[in-house]
Amino acid sequence: MCGIVGFTGDAQAAPILLYGLERLEYRGYDSAGITVNSGAGTLLTEKASGRLANLAVRTDNGTTLRGTCGIGHTRWATHGEPTDNNAHPHVASSGKISIVHNGIIENYRKLKDWLLDKGVKFHSETDTEVVSQLIDYYYEGDLLNAVRKAVYKLEGSYALGIVAADEPSTIIGVRKEGPLIAAYTEDAAYLASDVTAILKYCRDVIYLEDDSIVVIKPGSVTCYNKYGKVQNLTPVTIDWDIEAAQKGGYAHYMLKEIYEQPRVLRDTLAGRITEDGGSVNLSEAGLTREILRSVRKVHIVGCGSAYHAGVVAKYQLESFARIACEVTLASEFRYSSPVVQPGTLCVVISQSGETADSIAALREAKSLGVSVLAVVNVRGSTISREADYVLYTNAGPEIAVATSKAYSAQVAAMTLLAIALAEFNSGVNRESLLAVLGDLRKLPDLAEKVLADVAPVQLAASRYFNRGSVFFIGRGLDYAAALEASLKLKEISYIHSEAYAGGELKHGTISLIEPGTLVVAVALCSKLAEKIESNIKEVKTRGAEVLAVTSESLAGDFADSGDIVITVPDTHELLTPLLAALPLQLFAYYTALNNGCDIDKPRNLAKSVTVE
Ligand code: AGP
């Protein structure tokens with residue numbers, strides 16, 4: 001995610017802003033910038049794509065921008081490539097307002113058109129610039145008033161830092177879902193995305209509440225709620241060290257990223273379901289209705305978890321969109337002389353966008369003359385640049401080697417594709433569309449509910465952490481979820497496990513089941529509940545212990561057969577893998593924790609496999 005820093009006080013701002021941005025580098029970014037108020041009615045801004053060092057060089061470590069009040073930003077690109085021009089801060093055409101932003105302005109296109117009609121000139125591709133120009137449009141000498149008017153028009157999730165040339169020592173912060181903190185000392189005050197940026201100066205931190213605005217001046221922080229009423233927020237004393245703070249207080253980046261998934265789902269769905277909730281809009285990816293209508297088959301390629309997201313999508317595309325779908329490991333696709341029929345849309349799924357096998361598969365697909373859609377997390381990555389269409393997953397940077405939030409974002413993005421293809425291909429009826437889209441919009445809240453109840457998962461991990469091997473079984477979409485659950489356990493706990501389609505056990509693998517063998521049954525598909533239940537009985541009679549992951553409405557079916565039963569809320573059949581993933585990620589996490597494994601950096605693994 002992007003990083004925000006603000007300083008106003010009795011020292012030069014630029015070096016303090018650069019230091020704060022360095023502390024936020026762990027969040028991942030692709031450009032950076034700062035604005036300093038000269039104190040003489042002008043705003044001084046420098047921005048640089050690439051590493052923060054480029055900005056430090058451009059500002060001679062902050063010495064070329066003189067002033068004691070300013071804002072800084074590290075950008076993780078969402079709208080607009082990672083270029084100097086798209087980097088933050090964004091200064092309004094008047095030169096009088098500058099802002100930094102973390103989040104997504106969902107209605108930026110509508111606002112941009114409105115401002116363009118009023119003659120405003122834009123100079124970037126970002127959603128953020130709309131906010132800067134909007135505040136400037138309303139600014140008549142009172143920054144707080146202009147910010148209130150502009151924010152009233154915004155839709156989406158955002159954290160903002162704002163300065164105005166004519167208010168030399170004031171910074172305004174705005175929080176709507178995006179994290180933002182403030183702090184003050186006797187003669188200074190700070191704004192930041194998280195505490196790591198300011199712990200060197202101050203440990204008494206104010207966590208801004210949602211829908212709030214904060215006015216920061218040297219020695220003071222005044223918070224207002226959405227009704228404009230002053231909030232008396234008590235500062236919290238932070239006793240974390242910097243590293244603990246970068247993990248947001250979580251023990252590992254992986255756990256932090258597991259808990260980011262509700263926000264990641266919101267951000268990946270944001271702006272892609274029409275306002276009436278009845279349709280999917282993937283035009284930002286270049287996928288127009290005409291292109292979607294022309295798709296006769298989908299061929300998905302990916303590696304590891306990205307491949308598993310593709311297996312989920314296969315079930316969704318064939319069962320809901322009635323479109324034939326093949327899923328191939330990228331490392332196999334590139335050497336298998338694939339036959340790809342005309343009218344096929346090749347989809348390359350990749351978090352990093354730099355996986356060598358997936359790049360090669362993309363190039364192989366293009367050499368066969370088919371169009372390629374990239375479902376990718378990193379802007380400017382090779383796969384995003386070489387694909388014909390790009391649907392970004394808005395997971396933000398993923399630090400842990402074992403993916404969690406990026407996988408869920410991939411599944412969410414592919415779910416949107418399946419629904420869009422269903423709408424334009426199989427003529428699925430409107431009730432079905434409304435039903436699945438309605439549940440999809442509720443999913444982030446359901447994910448929060450699942451993540452809030454971690455006790456059953458911790459119990460399971462405490463009981464099973466020392467098993468020599470584990471079997472994951474499921475049918476249909478549950479089998480796809482089981483594939484990813486098995487990989488998660490293997491890669492961070494080093495316990496061997498295998499995922500099997502439930503109906504496949506009797507064709508060989510059941511010979512491995514003996515007293516004490518752990519079998520994790522993923523059972524959220526109501527149509528196949530009886531079938532998986534008989535598979536559970538098969539393994540139980542051979543002495544296996546069963547951890548069942550099921551839905552609230554099916555829990556009764558497994559109460560007797562599951563030694564431990566973990567339930568998730570009911571949702572549309574098509575969406576169950578998105579909820580099943582959460583307890584299964586946590587099971588892998590706590591199992592690895594109990595085994596003392598290096599969870600964020602598992603042995604032998606790299607975050608992006610850029611070699612064959
Ligand atoms: C998943 O936890 C692993 N980190 C790995 O399987 C990963 O999904 C795979 O290497 C693909 O990476 P990509 O998504 O960056 O292409």
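Here the structure is a predicted model, which means the values were calculated and not measured. Every number for a ligand or one of its atoms is a count from 1 in the order of the listing.
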Does a donor on one side chain and an acceptor on the other come within less than 3.5 Å for [X] and [Y]?
X      : Y      : result
Tyr29  : Glu25  : yes
Gln261 : Ser404 : no
Asp570 : Ser551 : yes
Thr268 : Thr393 : no
Glu504 : Thr509 : no

Is there a polar contact, in the sense of an N or O pair closer than 3.5 Å, between [X] and ligand 1?
X      : value
Ser358 : no
Val401 : yes
Glu484 : no

How close does the nearest protein non-hydrogen atom get to [atom], and which residue and atom is it?
atom                    : result
atom 3 (C) of ligand 1  : Glu491 OE1, 3.6 Å
atom 12 (O) of ligand 1 : Thr355 OG1, 3.5 Å
atom 10 (O) of ligand 1 : Val609 CG2, 4.1 Å

With a cut-off of 4.0 Å, which atoms of ligand 1 are near a heavy atom of Gln351?
13 (P), 14 (O), 15 (O), 16 (O)
Only heavy atoms of Ala402, strictly under 4.0 Å: list the atoms of ligand 1 that pass.
2 (O)
Relative to each other, are the rings of Phe333 and His299 parallel, tilted or perpendicular (30° and 60° limits)?
perpendicular
Would His308 count as a contact residue for ligand 1, given that I'm defining contact as a non-hydrogen atom of the residue lying under 4.0 Å from a ligand atom?
no
Above 12 or not: heavy atoms from other molecules or residues under 6.0 Å from CZ of Arg441?
yes
